[in-house]
Amino acid sequence: MIRSLSAVALALFLFAGLSVPQTKSLPPTPAKGPDSTPQAPETILTLRASPTTNLQSEMGGVFSSAKCDADGNLYIRKFAMDRPLLGPVAKIDPDGKRVALFDPAAFSQLALDRSDSFSPASDGGIYRIAQIGVSNPQIYVLHFGSDGAPSSATRLDADLEVYTFAAFADGNFLVSGTKRDLNNKNDRGRNFTAVFSADGRELAQISFEKPHEVEAVGTKAEAKGGQKQPSKEADKAAPMLDLADAEVGSDGYLYVLRSSSPALVYAISSSGKIMKTLKVAAPAADAAPVAFHVSGNRMAVSFWSHKSQMVVVEDAQTGEKIATYEGPGELGNLFTCYSANEGVFTFLKLGEANELGVVRAKAQ
């Protein structure tokens with residue numbers, strides 16, 4: 001079956017004191033090299049939220065994931081009670097007005113069973129992954145026009161459980177998930193990530209670092225061969241998903257997040273080549289990466305810890321850290337959009353009356 005990691009709804013974490021100072025500092029870290037003088041502590045900027053904008057067209061609508069495009073339009077995947085696996089995606093303009101609804105039920109000739117991850121298209125529409133069947137699924141990429149009308153359905157030469165999907169600017173697709181024998185209950189599955197052509201042909205499979213190799217980043221390698229050896233526990237663990245989310249960058253590459261420690265962001269070309277790997281260190285010991293967005297030459301990675309929500313912004317070309325931000329609980333539980341030019345972070349949340357609200361925040 002197709003599932004989407006971005007569909008996981010995160011609970012809000014409140015932390016005391018809405019009148020916190022505008023900046024705070026992390027504890028000093030030891031300096032590298034023979035000089036033991038501590039480095040200057042990192043300054044964390046505080047995000048301040050503007051008043052929540054309630055989306056009147058989406059009142060009472062539970063959502064599971066959201067994205068945005070370069071024009072500031074929001075694409076919100078809605079939950080449909082009568083068909084929970086085939087909910088539509090609503091397109092909301094910057095003024096909060098619904099301008100299109102992308103409903104997989106419009107592809108009635110396919111008799112779809114599921115439709116999950118989606119990716120905004122350059123023409124103002126979206127691409128969305130879908131499937132027919134479970135044991136031997138037929139995987140399709142649906143294309144909707146900017147007005148929400150069904151445009152095309154491309155069957156992929158693939159057989160897997162899809163977790164992450166995104167479209168390149170040139171029409172190719174990145175698909176990531178797991179392959180397993182559904183008749184074998186002991187089969188933990190194996191990771192599978194590949195680039196497919198616009199007509200559904202597999203062009204290239206992509207391999208990533210194994211979980212124990214990712215966790216070893218920044219640690220001292222063992223003497224034998226200079227490599228850290230995997231533990232028996234790591235060998236027995238279920239396979240770590242290759243990718244958690246993906247977005248197209250201004251350079252045409254797809255930037256894809258892996259929820260490891262540190263968080264890894266890969267820039268992948270439409271031919272399936274990994275062009276670069278960027279490491280994003282967690283801003284707190286217990287912080288885990290949950291979402292990210294690319295804007296211009298910057299990327300913003302959202303982390304949750306037990307007491308706060310934090311966002312790390314880095315240069316998408318070099319991986320150099322630009323700033324770390326922290327926000328109080330009223331920001332919202334889903335980091336939806338980032339605008340580098342305006343310095344604005346956009347979040348979605350549900351209100352007490354189940355209204356869908358948009359929260360925009362800036363460092364002040």
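Numbers here are sequence positions counted from 1. Note: hydrogens, waters and symmetry copies are ignored here, and every other heavy atom, side chains too, is used.
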(request) Over 60° means perpendicular and under 30° means parallel, so classify the ring planes of Tyr127 and His143, tilted if in between. (result) parallel
(message) If we ignore hydrogens and angles and just use 3.5 Å, is the side chain of Ser119 paired with the main-chain N or O of Ala167 as donor and acceptor?
(response) yes
(message) When you compare the side chain of Thr324 with that of Pro283, does any pair of heavy atoms fall below 4.5 Å?
(response) yes
(message) Which heavy atom of Leu243 sits nearest to which heavy atom of Phe208, and what is that distance?
(response) CD2-CZ, 3.9 Å
(request) Please name the pair of heavy atoms, one in Asp82 and one in Pro84, separated by the smallest distance, quoted to 0.1 Å. (result) C-CD, 3.8 Å
(message) Main chain of Asp116, side chain of Arg128: is a donor-acceptor contact present, judged purely on distance under 3.5 Å?
(response) yes
(request) Using distance alone, with no hydrogens and no angle criterion, decide if Ser50 and Arg360 have a side-chain donor and acceptor under 3.5 Å apart. (result) no
(request) Can you label the angle between the Tyr75 ring and the Phe118 ring as parallel, tilted or perpendicular, going by 30° and 60°? (result) tilted
(request) Say whether, by atom type as modelled, one donor and one acceptor occur between the side chain of Gln205 and the main chain of Ser207 under 3.5 angstrom. (result) no
(message) Under a 3.5 Å threshold, yes or no: a donor from one side chain and an acceptor from the other, between Thr164 and Ser176?
(response) no
(message) Is it the case that the side chains of Asp242 and Asn191 hold a donor-acceptor pair, with the cut-off being a distance below 3.5 Å and no angle test?
(response) yes
(request) Answer yes or no: is there a side-chain heavy-atom contact under 4.5 Å between Ser259 and Val290? (result) no
(request) Determine whether the aromatic ring centres of Phe173 and Phe196 lie less than 6.0 Å apart. (result) no
(message) Distance alone, cut at 3.5 Å: any donor-acceptor contact between the side chains of Asp199 and Ser197?
(response) yes
(message) Within the 3.5 Å criterion, strictly below it, is a donor on Gln56 or Lys97 matched to an acceptor on the partner's side chain?
(response) no
(request) State whether the side chain of His293 and the backbone N or O of Val301 hold a donor-acceptor pair below 3.5 Å, judged by distance alone. (result) no
(request) Apply side chain to side chain contact (heavy atoms under 4.5 Å, CB included) to the pair Gln317 and Leu278, showing each step before the final yes or no. (result) CA-CA 9 Å; Gln317 304 304 314; Leu278 305 173; over 6 Å; no
(message) When you compare the side chains of Thr46 and Glu326, does any donor N or O come within less than 3.5 Å of an acceptor on the partner?
(response) no
(message) Angle between ring planes, Phe144 versus Phe107, binned at 30° and 60°: parallel, tilted or perpendicular?
(response) perpendicular
(request) Answer yes or no: is there an ion pair linking Lys91 with Asp93, defined by an N-O contact shorter than 4.0 Å? (result) no
(request) Look at the side chain of Asp103 and the backbone N and O of Ala106, then say whether any donor-acceptor pair between them is shorter than 3.5 Å. (result) no
(message) Taking the six-membered ring of Phe63 as reference, does the cationic atom of Lys78 (NZ for Lys, CZ for Arg) lie under 6.0 Å from its centre and within 45° of its axis?
(response) no
(request) Taking Ser261 for its side chain and Ala288 for its backbone only, find out whether a donor-acceptor pair lies under 3.5 Å. (result) no
(request) Using a 4.5 Å cut-off on heavy atoms from C-beta on, say whether the side chain of Leu86 contacts that of Pro104. (result) yes
(message) Can a side-chain donor-acceptor contact be found between Tyr255 and Lys276 if the only test is distance below 3.5 angstrom?
(response) yes
(message) Just verifying a value: how many Å separate Ile268 CD1 and Thr193 OG1, rounded to the nearest 0.5 Å?
(response) 7.5 Å
(message) Which heavy atom of Asn54 sits nearest to which heavy atom of Glu355, and what is that distance?
(response) OD1-CG, 3.4 Å
(request) Decide yes or no on side chain to side chain contact (heavy atoms under 4.5 Å, CB included) for Val141 and Phe165, but give the supporting numbers first. (result) CA-CA 9 Å; Val141 174; Phe165 160 81; 3.8 Å; yes
(message) Can you confirm whether Arg258 sits close enough to Val265 that some side-chain heavy atom of one is under 4.5 Å from a side-chain heavy atom of the other?
(response) no
(request) Please check if the side chain of Asp123 supplies one atom and the backbone of Gly125 the other of a donor-acceptor pair under 3.5 Å. (result) yes
(message) Using the rule side-chain contact (heavy atoms from CB on, under 4.5 Å), only one of Leu348, Ile76, Val99, Val358 pairs with Ile92; which is it?
(response) Ile76
(request) State, with a plain yes or no, whether a side-chain heavy atom of Phe168 is found less than 4.5 Å away from one of Val195. (result) yes
(message) Nearest 0.5 angstrom please: Leu74 CG to Cys337 SG, how far?
(response) 6.5 Å
